Structures are given as structure tokens and as C-alpha cells.
Amino acid sequence: MSVLTLTVNGAPVAVPAGSSLLEACRAAAAAPPTLCHLEGLSPVGACRLCLVELEGSGRPLAACVSEAAEGMVVRTDTPALRLFRRMAVELFFAEGNHLCAICVANGACELQDAAVAVGMDHSRFPYRHPQRPVDASHPLFSLDHNRCILCTRCIRACDELEGAHVWDVAERGSHCRIVAGLDQQWGEVEACTSCGHCVDACPTGALFHRDDTPGDRHVQRGRAVLLQQARQGHGWRNQGEGPP
Amino acid sequence: MEPGPTRRLRCCDASACRHTGGIALRQALLAARTAAGLAEDALPIQPVGCLRLCGRGPLVAADGPAGSRLWGGVPPHLADRLVAAGAANPVRARKPGPGPLDPQGPDDNLAPFRLDLNHPFFRLQVPVVLERCGLVDPDSLEDALAQGAYAQLRRCVRQLAPESVRAEVRRSGLRGRGGAGYPTGLKWDTVALQPPGPRQVVANGDEGDPGAFMDRTVLESDPHRLLEGLAIAAWAVEALHGTVYVRAEYPLAIARLRRALGQVEARGGFGPAFTGTSWPLRLELRVGAGAYVCGEETALLQSIEGRRGTPRPRPPYPAQRGLGGAPTLINNVETLAAIPAILREGGDWYAGLGTGSPTCAGTKVFSLSGAVLHTGVVEVPLGTPLRTVVETMGGGVVGGLPVKAVQTGGPSGGCIPAQHLDTPLTYEAMAALGSILGSGGMVVLGPATAMPALARFFMAFCVQESCGKCLPCRAGTVQLAALLDRIVAGRAEASDLQRLEELAQMVKATSLCGLGQSAPNPLLSTLRHFRAEYEAACVP
């Protein structure tokens with residue numbers, strides 16, 4: 001396997017050819033925060049938190065969807081990027097209804113982690129307080145649209161890991177929302193296998209087990225990559241772990 | 001517009017003139033001709049495409065041995081006069097030069113409706129893309145063929161290697177007319193030089209900028225021209241399948257394209273009938289579903305494939321991986337419509353039409369609207385000063401008021417203030433002023449327009465049209481619109497203005513696609529040129 005050598009924040013780093021810029025940044029221990037990215041799912045470059053500056057490129061690039069190339073000079077932590085990331089996290093908090101104290105994901109929330117990582121302690125943008133419903137029609141899981149950040153990880157997990165494609169996005173712009181089936185109640189969607197991959201993939205408390213109480217959320221975020229690798233390598237038997 | 005050799009009446013049958021009663025007038029003309037006892041071929045009354053001065057419709061032109069005349073807004077009860085005038089065709093001598101576009105003649109009842117074809121609005125036009133527009137019946141393949149349609153396609157397929165076609169396009173210096181201005185020849189080469197395999201060509205007719213109606217004019221007036229341009233592009237990049245993507249809000253354009261495609265199909269496609277070969281190119285029409293963002297090329301491809309119209313990050317560019325994974329050439333309608341003329345007259349001829357600089361070759365179609373006196377479609381050489389278009393041709397602001405600014409490029413563009421009206425219309429000069437040449441929409445603003453309100457209008461447009469995929473565009477535009485609401489309402493503080501600028505820079509720098517990246521442009525350009533209006537709106 002051929003190897004690429006890059007410079008990330010001044011330090012040289014080697015990664016296998018075909019790696020993304022995000023993987024290169026992670027190899028250099030300089031990983032920018034991410035929200036829409038989940039190891040094991042296809043990248044979409046939607047949350048714009050992993051933007052990095054590339055020497056010779058006019059605008060910042062989303063590291064998750066950019067291929068690493070030999071000799072690239074990457075910066076992940078410039079003043080401009082810090083400002084952009086902080087504003088992005090502020091915008092996330094302002095566009096939904098994120099109330100950590102009463103959220104199942106409190107303490108296990110990637111949005112919360114991102115806020116800590118970028119040093120965001122309050123939003124300078126006014127909260128939009130959108131009116132959003134909760135879908136509690138599924139026997140095992142629930143969907144609280146108030147906490148959804150439209151990362152589409154649930155959509156991709158369902159489509160790419162389970163092959164059920166229960167989830168999709170409806171509407172557009174700030175009216176976007178995740179829909180089950182043909183915009184049905186989740187519990188009515190026959191395609192749903194109740195596998196829970198979407199719940200495991202959710203970075204916030206939008207998708208959760210019905211029984212979870214505040215701060216009680218238990219998810220296996222590593223499951224997506226485990227499944228993906230097991231399928232690619234036909235590794236079910238050798239890993240000592242049967243299919244879920 | 002060259003006068004036809006025979007007597008005839010040409011009635012504009014494009015959208016704008018239809019809205020002002022063009023169909024009723026044409027029917028009245030047909031009835032009046034019968035009433036006058038004239039045979040059909042004594043005075044043909046033809047529906048044609050756009051006659052340019054949309055604001056004065058319905059437009060009717062009369063051709064005769066002595067030249068052409070034009071009337072606008074003639075009520076149907078005067079149809080008999082128009083028929084008489086068309087049959088008689090006396091052409092008064094007129095001094096060319098500046099003067100009112102509608103000089104009051106002394107004589108007949110039609111005088112108030114007479115429009116002067118020597119006025120700069122018409123005289124300064126250099127029709128290349130629009131050369132048949134207003135002369136050809138958009139529903140008639142025979143008429144189009146008689147006026148030269150598909151002659152260049154035939155020449156390409158029979159005589160020119162794809163590389164020679166591309167060389168001619170490269171030599172022309174043509175740049176993408178959809179707004180970005182990417183060199184067309186380079187794009188064609190990029191697609192053609194991909195590894196062997198199938199290729200696709202796509203015409204982007206998803207013209208959605210407020211105040212832009214250039215592509216609509218082409219599609220409604222001369223659909224075969226676009227098909228020829230697209231077919232030549234397919235030949236040049238060796239594609240065997242092409243798609244015309246048109247927004248659903250252009251029903252007349254869609255109907256005419258559909259008919260044109262049907263006419264081609266009825267003759268067995270582009271192979272046998274048009275080129276005398278077995279070339280199996282197939283073209284199809286796809287209609288949008290009402291999303292502005294589908295004008296963005298990656299979203300457009302998604303939409304054609306039947307998916308949700310959201311952009312994806314580039315690279316890979318569509319030229320590398322597009323429809324069905326095949327290298328795909330996407331050109332704007334106007335770009336493709338320039339191709340037949342470039343091949344007929346040569347790339348050097350086209351390059352010589354501009355102002356001489358290699359970066360601004362050829363002509364550009366602009367749609368002139370807003371507070372301007374003469375609303376309509378103009379095609380002028382690139383590099384023409386903005387003032388020539390807005391004041392000399394457009395007649396300035398209604399009521400003789402001063403021009404305050406010209407909005408170019410729609411929601412992705414900006415405002416050029418009056419003191420910069422002498423700027424040449426080139427991609428570079430417009431960008432240097434914080435706007436863009438854009439797709440060609442030109443909205444003239446009079447002194448009554450408040451710039452923060454204008455910026456709010458465009459921001460609200462982007463809020464509406466954001467696909468919602470990436471955060472900065474989905475949530476950032478909402479916050480920008482809210483801040484602009486405060487400014488327009490006079491409730492903003494100085495700190496709001498600072499936040500507005502910071503967020504605008506963030507949305508511009510970090511959005512995924514061109515829509516979000518350019519959404520702050522109207523705001524930033526009005527802040528740059530009219531900052532005092534924003535400051536005055538803030539609470540001290």
C-alpha cells in the first residue's frame with residue numbers, strides 16, 4: 001500500500017493512500033471536531049465543523065470529504081477556523097431546542113462535546129425556539145425533533161448498514177426534518193427492523209431508547225464502523241461476536 | 001434584427017407579451033386580415049419569439065421590402081390598422097440617433113404605439129445568441145431549418161473531428177454564461193479527455209435568479225438553437241445522451257422544447273435526418289421541481305437522477321463524475337446557444353466581438369428590469385459599459401430620476417452603485433466591485449430603494465431556497481435575515497451590525513455550495529457601497 005506524506009499544523013504525518021484529510025488530521029492528533037461524520041458511514045460534509053485550511057486553496061475544505069494528497073500543507077486551528085467553528089456550534093444551538101439538563105444525552109452528546117471543544121459557553125445568536133414534535137410511536141425508540149441537528153447519520157446508518165432506508169429528509173432550509181417512511185409515524189413504518197443503528201448513530205439525544213432517562217443514554221457509536229469492517233472483511237466469525 | 005424580404009407581421013408570442021395580451025392581439029390581426037380580404041400569403045402573420053422590449057408588449061413587427069417597423073401595446077381593436085400598415089409598409093425616413101424610443105408621429109391611430117427601431121435599445125444590440133430570436137417561429141422546425149438551424153451540427157458530424165470542434169470553442173474564448181464564467185473550451189476538454197467510457201451532456205435551464213429571464217427568452221424563442229448547441233457539445237465530447245433541464249416555472253419554454261424534441265424525434269433523431277449519418281444521439285427533457293438550488297450543478301444532477309436536489313461537495317466535479325457516474329458536461333442554456341454561431345463564423349470572430357481582452361470575448365444577454373424605463377432583453381458585447389446598457393439603452397430610471405444602483409447577478413450578486421456605472425460589463429470588473437456579472441439579470445434601482453430592505457429581500461430568498469443540507473446556509477441565513485429584519489425595523493444596535501458582518505463572512509466562507517457561499521453577497525456589497533444606510537438604521 002502506498003503512503004502519503006502531509007504536513008498538518010507544521011508536523012509531518014504519513015497516512016495510507018486513499019485516506020481522507022480528516023483521517024490525516026486524526027493521525028496527526030490534530031483532529032477538528034465533527035458532527036455529521038461517523039466512522040463507518042459515507043461522509044457528507046454537511047456540518048462544516050471539520051473545515052481545514054489547505055495551502056494553495058482559496059476557501060476552507062471539509063476534511064471529511066476531501067482526499068489527502070502527497071505534500072499537502074494543512075492547518076486545522078487558525079483564528080479564522082476557530083471563529084467559524086464557534087459560530088457554527090452557536091448556530092446549531094440556536095436553531096433547535098437543546099436543553100441539556102433534561103436531555104437523555106446529557107454527558108454523552110457530541111453537540112455538547114463540540115461546544116466544549118470550541119469553547120462555546122453561550123450563543124450570541126438568538127434562539128429560534130422552533131415548534132417541533134416528538135415521535136414516540138415506535139415500541140422501542142423515540143425521535144425528539146427538538147434535538148435533531150440534521151446530521152443525517154441516522155439516514156445513512158439505516159440505508160448503508162441495515163439497508164432498510166427508513167429515514168429521509170423532508171422539506172428544505174430551516175424547515176428540514178427527518179421523516180420515517182413516507183413521512184409516517186415511525187411505529188407505522190413496516191420497513192423498520194428495529195435494529196437501532198439509527199439510535200446508535202445519533203450524535204445528540206434526538207433518537208433514543210424509550211426507557212432512557214435524562215443523562216441515561218447508552219449508545220454504541222463504534223458499531224457502525226464495526227459493522228462496516230466486518231462486512232468488508234467477512235469477519236463475523238473471527239471477531240468472536242455474532243451479528244446483533 | 002434584419003428585415004425579412006417579404007411583407008409579414010411578426011407577433012411576439014413569448015411569455016411577457018402573452019401576459020400583456022399577445023394572443024388576443026394576434027387573433028384580432030388574423031380576423032382583421034380576413035376582413036380586409038387579404039390572402040394568408042399576402043401578409044403572413046407569424047408568432048415569433050421575443051422582440052426584446054418586453055415592458056411595452058404585446059409587440060408586433062412589420063417587415064417589408066423597405067424595412068421593419070415595430071409597435072408595442074396596440075389594443076386589439078386597432079388590429080385593422082396594423083394589418084393595413086403591414087400591407088402598405090410605408091417606411092418613414094428616420095434619423096438614427098438618440099431621442100425618445102417612442103416618437104409621437106403625426107398621422108395615424110397607431111402613432112402612439114410606434115417604437116423606434118433606431119433607438120439605441122435596438123441599435124446597440126449585437127444578436128448572436130438571439131440572432132433568430134424574434135425572427136423564427138419557435139414552434140416550427142421548417143422555419144428554423146430555413147433560417148439555418150442544424151447546419152452547423154450537420155457540418156460538425158460530417159466534417160469535423162470532436163477535437164476540431166473543441167479547438168474552435170477554445171479559440172472563441174467563450175466563458176460559462178450561467179454566472180461563474182468558467183472557460184467553456186476548457187470544460188469541454190476536461191470532459192472529453194476523461195478515461196474512455198460513456199459521457200453525458202446537460203443543458204442547465206434552471207434559471208432562477210429574481211430578475212433573470214435570458215434563458216427563458218432563448219428557450220421560448222428559438223428552442224432548436226439550444227438543441228443544436230447541446231447536440232454539438234455532445235459531438236465534441238463524444239456523448240450519446242443529453243438532458244435539457246428546465247425549471248417547472250417555465251411552462252411555455254417546456255412546451256416549446258418538448259415540441260422541438262418531438263419534431264426531431266419524428267424525423268428519426270439527430271442521425272439520419274439532420275446529419276445524414278447513423279449518429280445515435282438522444283436528447284431528453286427533464287423538468288425541475290421548484291427548487292432554486294437545482295441550478296447548482298451537483299444538485300441538478302441529483303435532481304435528474306430522481307433524488308432530492310441537494311448539492312454535494314466538489315471534487316469530484318461533474319466533468320469527472322456526473323450523471324450515473326459518467327463524465328458529464330453541464331453548460332448553461334445561453335452558453336450552448338452561442339455555439340452554432342461560433343462554429344459558423346469561427347472562434348476568432350466571436351472573440352473579436354468583445355472588447356478585445358481574451359477574458360471577455362463575445363456577447364452576453366442581459367435582462368433589464370426594475371425601475372428602468374425600457375424593460376426587456378438586450379444582447380451586447382461583453383465589456384460594454386454598464387451605463388450604456390442602463391442609461392443609453394434602458395433609458396435610465398422611470399420619471400427621469402437618477403439611477404441609485406444596479407443589482408446584478410441576483411441573490412448571488414451585488415449592487416453596483418451609480419458612481420461606478422462606467423464599469424465595463426466583464427466578469428473581472430464586476431467582481432472587483434463586490435458583485436458578479438452573473439447569469440445576466442440586471443435590476444435597476446431608483447432613489448426610492450432602501451438598501452437594507454433590498455439585502456433583506458435577497459436574504460429571505462436564500463432562507464427560502466436553502467436546501468438545508470449544510471449548517472451555515474440553513475441556519476446562518478436565518479440568523480442573517482433576522483438581523484436584517486432588526487435593521488429594517490430600526491431596532492438594531494451597532495453590535496448587531498458587527499455580528500451581521502461576522503456571520504456573513506462565516507456563511508460565505510464555510511457553506512457547502514455556491515448558493516450558501518454567495519448568499520451574503522447582496523448584503524456585503526450593499527454594506528460596502530451604502531454603509532451609511534445601515535448605520536443610520538441602528539439605534540445609537
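Computed over heavy atoms, backbone and side chain alike; hydrogens, waters and symmetry mates excluded. Letters A, B, ... are given to chains in the order of the sequence lines, protein chains preceding strands, and every chain is numbered from 1. Computed from a predicted model, the values in this text were never measured in an experiment.
Of residues 81-91 of chain A, those residues lying under 4.5 Å from chain B by any heavy-atom pair are L83(A), F84(A), M87(A), A88(A), L91(A). Identified by a heavy-atom distance below 4.5 Å to chain B, the contributing residues of residues 34-46 of chain A are V44(A), G45(A), A46(A), in residue-number order. Heavy-atom proximity under 4.5 angstrom to chain A picks out R308(B), P313(B) from residues 297-321 of chain B.
Looking at R124(A), both its backbone and its side chain come within 4.5 Å of chain B, counting heavy atoms on both sides. The parts of L150(A) that come within reach of chain B are both its backbone and its side chain, each placing non-hydrogen atoms under 4.5 angstrom from that chain. Contacts of E502(B) with chain A are made by both backbone and side-chain atoms, with heavy-atom separations under 4.5 Å. Interface remark: S511(B) contributes backbone atoms only to the contact with chain A (heavy atom separation under 4.5 Å).
H165(A) NE2: more than 12 foreign heavy atoms inside a 6.0 Å radius. By the neighbour-count criterion of 12 heavy atoms within 6.0 Å, atom CD of Q464(B) is sparsely surrounded, having that number or fewer from other residues, nucleotides or ligands. For E70(A), the CD atom sits in a packed shell: over 12 heavy atoms of surrounding residues, nucleotides or ligands are nearer than 6.0 Å. Heavy atoms from other residues, nucleotides or ligands lying under 6.0 Å from CD of E53(A) number more than 12.
For R172(A) against G290(B), the heavy-atom pair with the smallest separation is NH1-O, 3.2 Å. Across A509(B) and R59(A), no two heavy atoms sit closer than the pair O-NH1, 3.9 Å. Nearest heavy atom pair, residue G468(B) against residue C176(A), reads CA-SG, 3.8 Å. Nearest approach of R48(A) to P472(B), heavy atoms of both residues: CG-CD, 3.4 Å. When all heavy atoms are compared, the tightest approach of G173(A) to R474(B) is O-CG, 3.4 Å.
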**Q.** Test log, rule side-chain contact (heavy atoms from CB on, under 4.5 Å), inputs K469(B) and T152(A)
**A.** CA-CA 9 Å; K469(B) 179 172 178 175; T152(A) 69; over 6 Å; no
Q: Please assess Q479(B) against R128(A) for the test side-chain contact (heavy atoms from CB on, under 4.5 Å), listing each intermediate value before the final yes or no.
A: CA-CA 9 Å; Q479(B) 295 285 356; R128(A) 307 290 305 165; 3.6 Å; yes
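When each of V478(B), L480(B), L503(B) is paired with F125(A), the side chain to side chain contact (heavy atoms under 4.5 Å, CB included) condition holds for L503(B) and for no other.
No other option in V507(B), L512(B), L483(B) has as many heavy-atom pairs under 4.5 Å with chain A as L512(B). Heavy-atom pairs under 4.5 Å with chain B were tallied for G58(A), C47(A), P126(A); the largest tally goes to P126(A).
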In a table with atom names and distances, give each donor-acceptor pair under 3.5 Å that connects a side chain of residues 452-463 of chain B to protein atoms at least two apart or in another chain.
from    : atom 1 : to      : atom 2 : distance (Å)
R456(B) : NH1    : D485(B) : OD1    : 3.3

